[in-house]
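Below: the structure, in structure tokens.
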Amino acid sequence: MPFSTPHTREIAKSLAASVSNEDESSREFSAFDELIASMDVWSDSLLQWPPAAAVRAAWSEVHDRLASASREQSRMLVVGIVGGTGTGKSTLVNALACRNVSTAGDQMRPTTVHPVVIAPERADLSWLPLQEINARVVNSDAESISQIILIDCPDPDTQPTITSSPTHAVRPSDSNQNRQLLEKVLPLCDVLFLVSTAQKYRSWVVAKELAAFAPGRPVLFVQTHASRDPDIREDWKRELVSQGFSVPIIFRLDAVEANRRHAVGEQPDQGFQEILDAISFELNQRGARRVRRTGSLDLAGWFLRSVRSSLEDLREPVAALASGIRLQRQSLESQMARAIGTELVSCRSAWQQVLVTDVLQQWQGGPFSMFLHAIVAIGSLWPRLASLPGGMVSRILTNSRGVRMVTTVPQWHSIAEIGISQAAVERSRSILSGMAARAAIHEPLVGRVKFENSRESDTIAGLLGRTDAWLSTGVQRLLSTRRAEVAGQGFRLIFELLFSGMVACVLGRAAWGFFYGQLWLGQSSEGTGFLQESLVWMILWGLVLRWLVLMRLRIGLNRDIDQLVQTLSQAQPTGPLLADFEEAAIRTSEFIARGDAIEAEWSAISLRLTEHLGPLGRLTEEAACDRLRNS
């Protein structure tokens with residue numbers, strides 16, 4: 001009968017809980033499959049960025065493992081027994097197999113130099129690369145391993161034959177004759193058993209090698225030589241925790257005693273019975289699916305946390321680049337705003353001609369309107385007065401007449417009048433290039449500081465096109481505002497009455513002199529002097545009224561110009577000058593943010609689907625991240 005111990009009761013309790021949740025977990029695991037698909041798309045979304053390319057390379061390995069686990073849900077678990085030389089690893093394998101299948105050695109000489117695969121006769125081993133790992137296969141009918149495949153892994157801690165160098169930190173297995181075999185065997189394992197003794201538990205050799213393959217693989221810890229060594233489980237647990245493992249339970253047993261009891265037909269002792277119960281409860285067919293699912297969740301979580309760790313140092317440079325782009329854009333746009341604002345204010349004659357023309361189009365038929373038309377007609381006799389200045393605003397003001405602002409072949413000199421120079425642009429791009437380099441952003445994500453000839457023309461054309469669209473719209477809106485000031489019938493009536501009053505006074509005075517003075521009183525004619533003086537005063541009065549109209553149009557013009565210039569940033573005219581940096585900053589920040597979102601999704605799914613694995617430990621989050629940073 002199996003022993004009833006605290007460990008076995010805990011294992012039984014975890015098994016009962018996992019069975020009740022298995023059907024529900026199977027249904028909800030589709031959400032995890034969708035998450036894996038999202039991770040695949042995300043990792044492939046920005047290969048031009050070296051950190052993202054590294055994420056894709058890491059994901060390729062993780063994805064293969066996840067795909068393999070998904071395909072092989074029904075096969076037996078492969079349990080790798082790992083331990084240093086002389087830890088009793090092979091003796092434990094013999095005890096579990098209930099026969100001598102692996103040669104046991106001593107504490108100084110490594111015995112397992114080739115992996116030994118122990119499996120039930122009915123087990124399908126066709127998927128294992130037995131020849132590639134040079135494995136010896138042994139069948140066993142032992143009840144304890146009837147539903148698993150055991151692999152006695154090669155001893156990793158043979159004597160080194162090379163030393164470290166400034167460019168290469170030696171791993172424990174770098175010089176190990178079994179390194180190639182060990183690193184081929186461990187990826188085949190679903191669960192790892194770490195075996196140690198009181199003499200070797202503090203050695204970092206095996207633990208460091210194990211940590212390279214622990215993500216996504218549960219680990220069971222075993223202290224052997226219980227009959228002759230002190231109980232070091234508490235101290236070993238602290239050591240393992242410091243190395244980054246979570247350690248629910250450490251089993252303590254004597255494999256030599258277990259073999260002896262089996263040979264004479266006695267019941268296993270308590271320590272060995274506990275590990276038998278753990279295998280029976282946690283690694284059976286139902287437990288295998290649970291272990292694989294939880295291992296897949298752990299592996300995906302380890303990958304996401306590792307990615308977050310590798311991208312953590314790039315968050316600030318990417319954010320700084322985005323901030324730098326805004327600052328450089330504001331700097332260039334402030335130069336544009338000053339230049340455009342100055343020219344808008346200085347082109348009063350252009351404003352005046354356009355506004356008077358608009359007024360004449362609205363005012364028709366009255367004496368004052370006729371006077372204004374006459375002034376314009378006289379001015380048209382002199383081309384110098386009729387033509388507008390050749391500046392940017394004048395071209396915009398004539399845009400409605402079919403004149404385009406954008407030149408046929410844009411050059412740097414064509415945008416000098418709007419305050420942008422080649423030197424200013426290249427200075428801004430140089431600053432952003434340095435900031436992009438700190439975020440590991442290089443070509444082809446961003447271009448060079450100095451534009452190539454073909455791209456230079458397109459960029460300048462884009463700048464001029466945006467400025468043209470913004471300024472044309474703004475000027476037309478401003479003109480509409482100014483027109484509204486004089487468009488009212490009441491305003492026009494006042495000026496028509498004022499001018500008509502002057503005409504009426506002149507004509508009334510002339511009529512009075514003729515009809516009353518000459519015809520009635522018989523006085524002599526005053527001649528044409530009066531009419532000449534009257535004409536002069538009428539013209540002067542008309543000009544005064546015209547000036548008042550223009551003053552009404554100009555009141556608030558500077559304010560409207562300031563408001564127009566302040567809207568320059570909304571049009572983002574300098575976008576083409578820094579477009580490559582802006583797009584790179586957006587794409588990299590979105591890549592990082594998407595990774596964070598996927599990790600949050602994983603956390604939510606993991607809370608629902610992760611199942612308690614009883615005595616099986618795992619590599620913790622912190623250790624996974626630290627190991628990636630140090631690799």
Side-chain angles (χ1 to χ4, degrees), residues 7 79-96 100-116 150-161 170-179 181-182 185-186 192-214 219-261 268-272 274-275 278 615 617 619 623:
H7 288 176
V79 179
I81 311 294
V82 183
T85 303
T87 57
K89 171 174 60 68
S90 297
T91 305
L92 174 61
V93 170
N94 292 335
L96 294 173
N100 289 329
V101 296
S102 186
T103 304
D106 54 36
Q107 296 185 11
M108 299 300 295
R109 183 176 54 83
T111 307
T112 307
V113 294
H114 298 293
V116 180
L150 277 181
I151 299 183
D152 186 6
C153 297
D155 300 336
D157 52 350
T158 56
Q159 292 82 358
T161 58
V170 174
R171 285 177 54 189
S173 62
D174 278 348
S175 59
N176 193 325
Q177 297 174 358
N178 299 329
R179 175 188 176 188
L181 283 177
L182 183 65
V185 171
L186 289 181
L192 300 174
F193 279 22
L194 178 58
V195 181
S196 193
T197 63
Q199 290 77 29
K200 293 210 169 187
Y201 76 97
R202 287 184 177 275
S203 172
W204 60 272
V205 176
V206 178
K208 287 290 186 180
E209 286 296 321
L210 185 68
F213 299 91
V219 185
L220 189 144
F221 305 95
V222 181
Q223 178 193 349
T224 57
H225 299 176
S227 62
R228 67 187 187 189
D229 288 347
D231 186 347
I232 46 86
R233 285 180 291 181
E234 288 300 321
D235 195 41
W236 189 21
K237 182 175 182 178
R238 287 191 292 270
E239 185 73 18
L240 288 169
V241 169
S242 70
Q243 294 171 355
F245 291 93
S246 66
V247 187
I249 299 172
I250 297 179
F251 294 89
R252 185 170 182 265
L253 55 87
D254 193 307
V256 175
E257 176 64 15
N259 279 308
R260 187 195 67 78
R261 284 176 176 255
D269 61 7
Q270 177 178 334
F272 191 68
E274 287 177 353
I275 199 169
L619 193 66

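- Here the closest heavy-atom approach between residue Pro248 and residue Ser246 is recorded as CD-O, 3.6 Å.
- Checking side-chain atoms of Asp152 against main-chain N and O of Pro115 turns up no donor-acceptor pair under 3.5 Å.
- Residues Asp229 and Arg252 share a closest heavy-atom pair of O-NH2, 2.7 Å.
- One finds the OG1 atom of Thr224 at 7.0 Å from the CG atom of Leu253 (value rounded to the nearest 0.5 Å).
- Leu240 places a side-chain heavy atom less than 4.5 Å from the side chain of Ile250.
- Salt-bridge check for Glu234 with Lys237: failed, with every basic side-chain N at 4.0 Å or more from each acidic carboxylate O.
- In this structure, CH2 on Trp236 lies 11.0 Å from CG on Asp231, to the nearest 0.5 angstrom.
- Residue Leu92 comes nearest to Phe272 through the heavy atom pair CD1-CE1, 4.1 Å, listed as atom of the first residue, atom of the second, then distance.
- Residues Ala278 and Leu220 approach most closely at CB-CD1, 4.3 Å, considering heavy atoms.
- The distance from atom CD1 of Ile249 to atom CD of Glu274, rounded to the nearest 0.5 Å, is 8.0 Å.
- A donor-acceptor contact shorter than 3.5 Å links the side chain of Asn259 to the backbone of Thr91.
- In this structure, CZ in Arg233 is found 9.5 Å from CZ in Phe251, a value given to the nearest 0.5 Å.
- Taking Phe193 as the reference, nothing meets the ring-ring contact (aromatic ring centres under 6.0 Å, His included) condition, with sequence neighbours excluded.
- Taking all atoms of both residues into account, the shortest heavy-atom contact from Val82 to Cys153 is CG2-SG, 4.1 Å.
- Considering every non-hydrogen atom in both His114 and Pro154, the closest pair reads C-CG, 4.5 Å.
- Note that OG1 of Thr87 is 8.5 Å distant from CG of Leu194, once rounded to the nearest 0.5 Å.
- The main-chain N or O of Pro230 is found under 3.5 Å from a side-chain atom of Gln223 such that the two form a donor-acceptor pair.
- Remark: Thr197 OG1 to Lys89 NZ distance equals 12.5 Å, nearest 0.5 Å.
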